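The model shown is predicted, which means the values in this text are computed figures rather than measured ones.
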Amino acid sequence: MTKEQIQNEAVEYAKGKYGGESAKMWAIAQIHAGRDGFIAGADWRINSVWHKPEEVPEANRWIIHLDRLECRVYWLLPSVIEHWGFLVADQGITRWAYIDDLIPTEDETA
């Protein structure tokens, strides 16, 4: 999701919450506050799943990491965890996330 998509969703959410285009002037401030809060919350959610390379992931979980070469996905075996520091240095890992933290939590088909 791009920042522009997040902003558009925030505006539509605020319009619906505060009465749409015909809202009174006092509601305009609330719309802007709602929009800004929505954007900040979306940014926080996106960034909250990413860990610093100094943090050692749990074993037996899928992770994705960003490095100097490309984006990679690993199933972390205990043997990989034992050598995490080497992997960070060797691959130039800048951040990582658990794959299951990136999967939507709601069933969109319902």
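In this structure, Glu54 has no salt bridge (charged side-chain N to carboxylate O under 4.0 Å, His left out) partners at least two apart in sequence or on a different chain. By the ring-ring contact (aromatic ring centres under 6.0 Å, His included) test, His65 pairs with Tyr74, sequence neighbours left out. Listed by chain and residue number, Lys3 satisfy the side-chain hydrogen bond (donor to acceptor under 3.5 Å, both in side chains) test with Asp43 (two or more places apart in sequence, or in another chain). Residues passing the salt bridge (charged side-chain N to carboxylate O under 4.0 Å, His left out) test with Asp100, sequence neighbours excluded: Arg61.
Of the candidates Ile64, Ile99, Leu102, Leu102 is the only one forming a side chain to side chain contact (heavy atoms under 4.5 Å, CB included) with Val49.
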Without placing hydrogens or testing angles, list every side-chain donor-acceptor pair under 3.5 Å for residues 85-98, not counting sequence neighbours.
from: Thr94; atom 1: OG1; to: Leu66; atom 2: O; distance (Å): 3.2
from: Trp96; atom 1: NE1; to: Lys52; atom 2: O; distance (Å): 3.1
from: Trp96; atom 1: NE1; to: Glu55; atom 2: O; distance (Å): 3.1
from: Tyr98; atom 1: OH; to: Glu58; atom 2: N; distance (Å): 2.9

